[in-house]
Amino acid sequence: MAAQAGAPDSALRDLEEALGLGLTADGDVGDAVAAEGAYYLEQVTITEASEDDYEYEEIPDDNFSIPEGEEDLAKAIQIVQEQATDTQILEQKTILPSRHAVPEVIEDFLCNFLIKMGMTRTLDCFQSECKAREDLLKTQKERDFHRMHHKRIVQEKNKLINDLKGLKLHYASYEPTIRVLHEKHHALLKEKMLTSLERDRAVGQISGLQATLKNIDVGHNFHIPEIKVGHSIEKENVPEGPTQKGLRKAREQNKCKTKMKDNAKDSEFPINIQPNPNLNLCKENLPPAKFDYKLSNIFRLHELPVSCIIIHPCKDILVSCSEDRLWKVVGLPKGNVLLTGFGHTDWLSDCSLHPSDNKLATCSGDTTVKLWDLLKGNCLLTFEGHSHAVWSCTWHSCGDFVASASLDTTSKIWDVNSERCRYTLYGHTDSVNSIEFFPFSNTLLTGSADKTLSLWDARTGRCEHSLYGHMHSINDATFTPTGHMIASCDACGVIKLWDFRKLLPIVSIDVGPSAGNEVNFDSSGRVLAQASGNGVIHLLDLKSGQIHKLMGHESEAHTVVFSQDGRSLFSGGSDGTIRMWS
């Protein structure tokens with residue numbers, strides 16, 4: 001028994017010697033064993049001793065510097081706060097003995113001793129502390145790694161912010177360049193147009209000179225008698241050559257035309273305007289508005305973009321104008337070409353039917369407005385006076401006047417009978433893109449690239465009122481068939497409806513960002529169609545405000561128009577085709 005009791009005492013002494021304690025007495029050990037029946041280790045913190053037996057304190061590095069040129073109070077405060085946070089974290093860092101403080105042999109010895117003595121609770125505490133120490137060290141390493149990674153990310157973020165600022169400044173520097181390029185583009189277009197006009201004039205002069213030379217060559221074959229000085233010979237007795245005869249006939253014709261023009265009187269603007277027949281339409285007899293149009297046919301009529309389509313009110317035909325300098329009369333529904341008109345020397349921009357439906361007015365980039373016989377295709381009259389391209393033209397309801405809108409910022413009213421310009425409308429500060437007479441009245445509506453609509457009195461040529469609201473260039477404007485409302489569209493796809501009686505805006509609808517090229521109402525005035533730059537035809541229900549889309553054009557849609565009965569819709573695109581929807 002004495003030997004058995006001495007064994008634990010010797011083992012305990014060995015443990016104390018290994019740990020360097022040696023402070024436990026024999027009586028104390030016996031009392032502890034008797035009291036608790038197990039041994040528990042006291043927590044001891046072992047620190048590394050300095051080589052020179054002097055305790056060094058860690059001095060935090062409070063020095064911080066701000067880069068030159070970035071002296072900012074907010075940044076300085078932020079740097080101070082970050083350093084204070086780092087100092088606080090360092091102060092809270094738990095100081096643990098290094099791995100070499102307690103060799104693995106001692107750890108194994110302690111574990112074996114505790115297992116032999118049956119001190120499972122102490123063993124669990126010891127192992128959990130060792131594991132916690134390892135986890136803490138691992139967590140601290142991960143924290144330091146993530147802290148460094150965070151600082152690196154912050155530096156990259158700041159660098160990206162500076163790069164974005166530089167890119168924004170670089171992008172802002174492009175805007176004036178783009179503006180200058182747009183101005184140069186318009187200037188080049190004007191120069192191109194003027195060059196084409198000069199070329200056409202030069203070609204005409206050359207052809208005239210060639211014809212004169214031919215006549216002169218032919219005239220050399222005739223015998224010209226000698227004329228002696230001192231003899232008086234009457235002109236009637238002198239034989240004329242072909243050249244002199246042609247010149248004399250041309251002079252006589254010009255004199256006749258001048259006399260006819262001088263004798264022709266100016267047309268009078270109608271005073272008693274006939275009431276608009278569309279106002280008498282009974283709403284109960286109107287068919288329901290149609291929106292479910294489907295693509296039924298494609299007519300390939302032109303080689304260049306289609307700029308305008310109009311529907312004959314009484315016959316199943318349409319007239320199309322194109323940038324290929326031609327206008328064509330097309331039979332429906334097959335799309336066969338019945339008549340082709342030649343004469344303009346540049347692209348066609350618009351056309352309009354005479355109220356009697358037997359004449360056609362066309363305008364072109366060659367700065368002219370031409371009147372045609374729709375049955376024979378002959379050019380009846382040419383109006384010259386604009387200095388730049390003519391964008392739009394329209395007939396007065398009386399059929400004696402034609403109005404035109406031009407790139408030269410003016411509009412003109414032409415008298416068909418006296419064959420001259422009656423008024424030039426000044427007021428817009430940019431290109432006048434559209435013009436239209438109010439149904440059965442002397443009021444004229446113009447839409448301009450200066451973002452305004454203007455109403456003019458055709459009898460005096462004065463601007464009566466202007467409508468403001470568009471933020472971009474107005475491409476087209478039109479009246480409802482009943483005339484109580486105006487619709488306009490601009491270069492960013494915004495459609496605006498205006499109350500013509502109150503001259504106030506009603507609603508604004510954005511179907512952009514593609515440009516709105518043309519707007520037109522159906523015969524009932526309940527549906528508005530817009531041709532967009534992205535090839536979509538938008539149909540606006542004026543009653544419910546819903547917008548329906550017709551997808552079918554492969555490129556930009558330039559023009560759109562309804563048939564008289566509203567059952568069909570026609571649209572022209574930049575690919576030279578006309579699409580029929582029914």
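Bear in mind the structure is a predicted one, so any value in this text is a computation, not a measurement.
- Ionic pairing of Arg579 and Asp575 is present here: one or more N-O contacts between side-chain nitrogen and carboxylate oxygen are shorter than 4.0 angstrom.
- In terms of heavy-atom proximity, Gly365 sits nearest to Ala389 at CA-CB, 3.8 Å.
- The side-chain heavy atoms of Met580 and Phe299, taken from C-beta on, include a pair separated by under 4.5 Å.
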Is there a side chain to side chain contact (heavy atoms under 4.5 Å, CB included) between Thr429 and Thr409? Walk through the geometry before answering. CA-CA 6 Å; Thr429 59; Thr409 72; over 6 Å; no

Decide yes or no on side chain to side chain contact (heavy atoms under 4.5 Å, CB included) for Gln530 and Leu540, but give the supporting numbers first. CA-CA 8 Å; Gln530 183 206 45; Leu540 174 61; over 6 Å; no

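- Counting only residues at least two apart or on different chains, the ring-ring contact (aromatic ring centres under 6.0 Å, His included) pairs with a member in residues 530-566 are Phe291-His548.
- Ser532 contributes no side-chain N or O that, together with a main-chain N or O of Gly535, makes up a donor-acceptor pair within less than 3.5 Å.
- The only option from Thr446, Val390, Thr424 that meets the side chain to side chain contact (heavy atoms under 4.5 Å, CB included) definition with Ser411 turns out to be Thr446.
- Scanning all heavy atoms of the two residues, the minimum distance from Leu444 to Thr394 falls at CD1-CG2, 4.3 Å.
- Checked by atom type, the side-chain pair Trp498/Ser488 shows a donor-acceptor distance below 3.5 Å.
- Contact annotation: the side chain of Val527 never approaches that of Leu542 to less than 4.5 Å [non-hydrogen atoms, C-beta and beyond].
- With rounding to the nearest 0.5 Å, the separation of CH2 in Trp372 from CH2 in Trp327 is 6.5 Å.
- Distance CZ/Arg300 to OG1/Thr577: 6.0 Å, rounded to 0.5 Å.
- Around atom CD of Glu464, more than 12 heavy atoms belonging to other residues, nucleotides or ligands sit under 6.0 Å away.
- With 3.5 Å as the limit, one finds a donor-acceptor pair spanning the side chains of Glu556 and Asn517.
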Using the side chain to side chain contact (heavy atoms under 4.5 Å, CB included) rule, take Glu518 and Asn475 through it: C-alpha gap first, then chi angles, then the decisive distance, then the call. CA-CA 7 Å; Glu518 185 176 289; Asn475 289 339; over 6 Å; no

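- The shortest distance between side-chain heavy atoms of Val560 and Leu569 falls below 4.5 Å.
- The side-chain heavy atoms of Val402 and Leu371, taken from C-beta on, include a pair separated by under 4.5 Å.
- Ring planes of Phe269 and Phe401: parallel class, angle under 30° (limits at 30 and 60°).
- A distance-only check finds a donor-acceptor pair linking the side chain of Ser406 to the backbone of His388 [under 3.5 Å].
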Determine, stepwise, if the pair Asp457 / Arg462 fulfils salt bridge (charged side-chain N to carboxylate O under 4.0 Å, His left out). CA-CA 6 Å; Asp457 187 348; Arg462 295 180 180 178; over 6 Å; no

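- Between Thr443 and Trp456, the closest side-chain pair of non-hydrogen atoms is not below 4.5 Å.
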side-chain hydrogen bond (donor to acceptor under 3.5 Å, both in side chains) between Ser320 and His302: does it pass, once the steps are laid out? CA-CA 9 Å; Ser320 65; His302 298 277; 2.8 Å; yes

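- Put simply, the residue from Lys451, His470, Lys496, His472 that forms a side chain to side chain donor-acceptor pair (under 3.5 Å) with Asp490 is His470.
- Within the 3.5 Å criterion, the main-chain N or O of Pro305 finds a donor-acceptor partner in the side chain of Ser322.
- In this structure, the separation between CH2 on Trp414 and CD on Glu419 is 11.5 Å, given to the nearest 0.5 Å.
- Applying the ring-ring contact (aromatic ring centres under 6.0 Å, His included) test to Phe521 and every residue at least two apart in sequence or in another chain returns nothing.
- Asp350 places a side-chain N or O within 3.5 Å of a backbone atom of Cys393 that can act as its donor or acceptor partner.
- In this structure, the side chains of Asn433 and Ile474 stay at 4.5 Å or more apart for every pair of heavy atoms.
- The two residues Leu353 and Pro313 make their nearest non-hydrogen contact at CD1-CD, 4.0 Å.
- The closest side-chain heavy-atom distance from Val511 to Ile547 is below 4.5 Å.
- In plain terms, the two heavy atoms of Asp499 and His484 that are nearest each other are OD1-O, 3.7 Å.
- With hydrogens and angles ignored, the 3.5 Å screen pairs a side-chain donor or acceptor of Asp366 with a backbone N or O of Thr345.
- When atom types are taken as modelled, the side chain of Ser307 and the backbone of Leu348 share a donor-acceptor pair closer than 3.5 angstrom.
- Test Ser448, Ser349, Ser404, Ser431 against Trp391 for side chain to side chain donor-acceptor pair (under 3.5 Å) and you get one pass: Ser431.
- At distances below 3.5 Å, at least one donor-acceptor pair connects side-chain atoms of Lys290 with backbone N or O atoms of Arg567.
- Of all the heavy atoms in Asp522 and Pro481, the pair that sits closest is O-CG, 3.3 Å.
- Between Phe500 and Phe438, the distance from one ring center to the other falls under 6.0 angstrom.
- If you take CG on Leu318 and CD1 on Ile310, they are separated by 9.0 Å, rounding to the nearest 0.5 Å.
- Not one N or O on the side chain of Thr410 forms a donor-acceptor pair closer than 3.5 Å with the backbone of Leu425.
- Here the straight-line distance linking atom NZ of Lys370 with atom CG of Asn378 works out to 12.0 Å at 0.5 Å rounding.
- Side-chain contact between Asp373 and Asn358 is absent, with no heavy atoms from C-beta onward closer than 4.5 Å.
- With Ser387 contributing its side chain and Asp408 its backbone, the two residues share no donor-acceptor pair below 3.5 Å.
- Atom-to-atom distance recorded for Leu164:CG and His170:NE2 is 13.5 Å, nearest 0.5 angstrom.
- Crowding of Arg422 atom CZ: a count of heavy atoms from other residues, nucleotides or ligands under 6.0 Å exceeding 12.
- Nearest approach of Lys334 to Asn297, heavy atoms of both residues: O-ND2, 4.5 Å.
- Atom CZ of Arg420 has more than 12 heavy atoms from other residues, nucleotides or ligands within 6.0 Å.
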side-chain hydrogen bond (donor to acceptor under 3.5 Å, both in side chains) assessment of Glu436 paired with Thr478: CA-CA 7 Å; Glu436 184 173 337; Thr478 185; 3.0 Å; yes

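- Listed for the His396 side chain is no donor-acceptor partner under 3.5 Å among the backbone atoms of Gly399.
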